[in-house]
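We name chains A, B, ... by the order of the sequence lines, and we start the count at 1 in each one.
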Number of protein chains: 2
Amino acid sequence: MLSLVEENYLKTIYHLSDGGGQQVSTNAIADAIKTKPASVSDMIRKLDRKGVISYTKYQGVNVTSEGISAALKVIRKHRLWEVFLVQHLKFNWDEVHEVAEQLEHIKSPLLIERLDEFLGHPKVDPHGDPIPDSQGVIKARPQIKLGDLSPKSEGLIMAVNDSGSSFLQHLDKIGAYLGARILVVDKEEFDSSLRVKIDDGEILFISKEVASNILVEELTS
Amino acid sequence: MLSLVEENYLKTIYHLSDGGGQQVSTNAIADAIKTKPASVSDMIRKLDRKGVISYTKYQGVNVTSEGISAALKVIRKHRLWEVFLVQHLKFNWDEVHEVAEQLEHIKSPLLIERLDEFLGHPKVDPHGDPIPDSQGVIKARPQIKLGDLSPKSEGLIMAVNDSGSSFLQHLDKIGAYLGARILVVDKEEFDSSLRVKIDDGEILFISKEVASNILVEELTS
DNA sequence: TACTTAATTTAGACTAATCTAAAAAATAAT
DNA sequence: ATTATTTTTTAGATTAGTCTAAATTAAGTA
């Protein structure tokens, strides 16, 4: 059983490791948690002993499969509470985080399953982040080409098909980045070009070629 | 600002003091909180320094008006969460306590006001206990004479109109006490006597005179 | 009133989590 | 490759909350 503080460390490490993939440094954890590296050293030795991360001195840490499973439980709770706060208690999406930070540590499996049911088994939180199911499985987000998004619908930029620097520089120029919200204003029939807004900015033109190289996740508003 | 542990002490002391009225002994607190008297001694010195109780050595403690106000805030949160768990998450009334014990410590004034609104400003929790309003005011529980309770309905014995010892001895004899649950089985038309059950015990006869001197709070099942 | 018992407090130790300052290891730079 | 810099770890102290054992005060009883 992890303490509240240990849960926060684990969750942070999981996020920094990008879902368990990357190695994470002591300083990165200290930065993220707003604590001192010395405190992190102590804590990661403890988390290693508990089996949720693996740690060798001066080498940073990796999250174990047990750790991933534990982190996903916390993340599931956090995101379900966010849905509750926004959909039922009229919170704005920018007001939910700190409250969900507290609610995510409530210990009651029954509570969280009932809450999930009450909310209608939502798949994403108010920021569009996916909610792991009770088994800790994250439904792969369906990625489609920006060009296939229907007019008036919105998507999140998830990946690109062309990693060439000229293409990436172009994206940079128009203000597109991984995670940006993109709205398809309309579509030209004759050349399949798009008019889009990125993050509520100005209307931009995007060619068919560019549009087919941007992968988005459609937002179900 | 009180810590979670301090909040639990204060809430317990408030309850033991019967709403701030009685003095509370160190051992009573230790019993209620399942800790040792030595720990209680330490904690009550701290709570005294913080101004929520007043404490003189070997004399037990009293809750200050500041303490009452703080305790009522916690109790309000606890009871609102209980209503939520029962009315919206299908919890049984006997499953809610431990979860509400955790939820009551979530710090967010906005959250609790929105929850209150969402629940429709309930006046009592699933056990019939009153919910303090946002100002900490507890609506006086409506007391009616036992004789005015309609057959088949239940009440809690809240007070008596006759404090004479013979009357109190009679109550003692039939097993009635402050806080007892009393069910009116039926009522005789011709002499207004009642047949009642106290705490699911045997059926007892109660005269009109006795019934008019017992004040109950009707339980809205 | 003196003695016994019960309630309460103090003293000292322990765990969890944090910090500062200093030491050690790894990385970068000349 | 040797120095300089950054990162990380250790050592030792601190705070909150708890405990056991011993000391003190209050209360009960002969």
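In this structure, A:Val5 and B:Ser41 both approach DNA chain C, and ranking their closest nucleotides by distance from the 5' end singles out B:Ser41. Of the two residues contacting DNA chain C, namely A:Ala38 and B:Gly60, the nearest-nucleotide position lying further toward the 5' end is that of B:Gly60.
Summarising the geometry, the separation between CD1 on A:Ile44 and C1' on D:dT8 is reported as 9 Å, rounded to the nearest angstrom. What separates CE of A:Met43 from P of C:dC19 is a distance of 11 Å, to the nearest Å. In this structure, the CG atom of B:Asp42 is 15 Å from the P atom of D:dT15, given to the nearest Å. Taking atom CZ of residue A:Arg45 and atom C1' of nucleotide C:dA16, one finds them 13 Å apart after rounding to whole Å. Atoms OH (B:Tyr9) and C1' (D:dT18) sit 8 Å apart, rounded to a whole Å. Straight-line distance from the CG atom of A:Leu2 to the C1' atom of C:dA16: 14 Å, rounded to whole Å. Taking atom NZ of A:Lys36 as the reference point, atom C1' of C:dA22 lies 16 Å away to the nearest angstrom. B:Ile33 places its CD1 atom 15 Å from the C1' atom of D:dC19, with the value rounded to the nearest Å.
OP1 or OP2 of C:dT9 lies within a sub-4.0 Å distance of a side-chain N or O belonging to B:Tyr55. Contact between the side-chain N/O atoms of A:Tyr58 and the OP1/OP2 oxygens of D:dT10 is not found at any separation under 4.0 Å. Between B:Asn27 and C:dA6, a side-chain N or O to OP1/OP2 separation shorter than 4.0 Å is absent. Residue B:Lys57 places at least one side-chain N or O under 4.0 Å from the OP1 or OP2 atom of C:dT10.
The backbone N or O of A:Ser212 sits nowhere less than 3.5 Å from a side-chain atom of A:Lys145 that would complete a donor-acceptor pair. A donor-acceptor contact shorter than 3.5 Å links the side chain of A:Thr12 to the backbone of A:Asn8.
Within 4.0 Å of B:Glu6, counting heavy atoms only, lie sugar-phosphate atoms of the nucleic acid but no base atom. Within 4.0 Å (heavy atoms only), B:Thr26 reaches sugar-phosphate atoms of the nucleic acid but no base atom.
Within the 4.5 Å cutoff, side-chain heavy atoms of A:Thr26 are placed close to those of A:Ile44.
Of the candidates D:dT8, D:dT18, D:dT10, D:dT18 carries the atom nearest the B:Thr35 side chain, counting heavy atoms from C-beta on.
In this structure, A:Glu98 places its CD atom where only 12 or fewer heavy-atom neighbours from other residues, nucleotides or ligands lie under 6.0 Å away.
Salt-bridge annotation for B:Glu217 and B:Arg181: absent, with no side-chain N of the basic residue lying under 4.0 Å from a carboxylate O of the acidic one.
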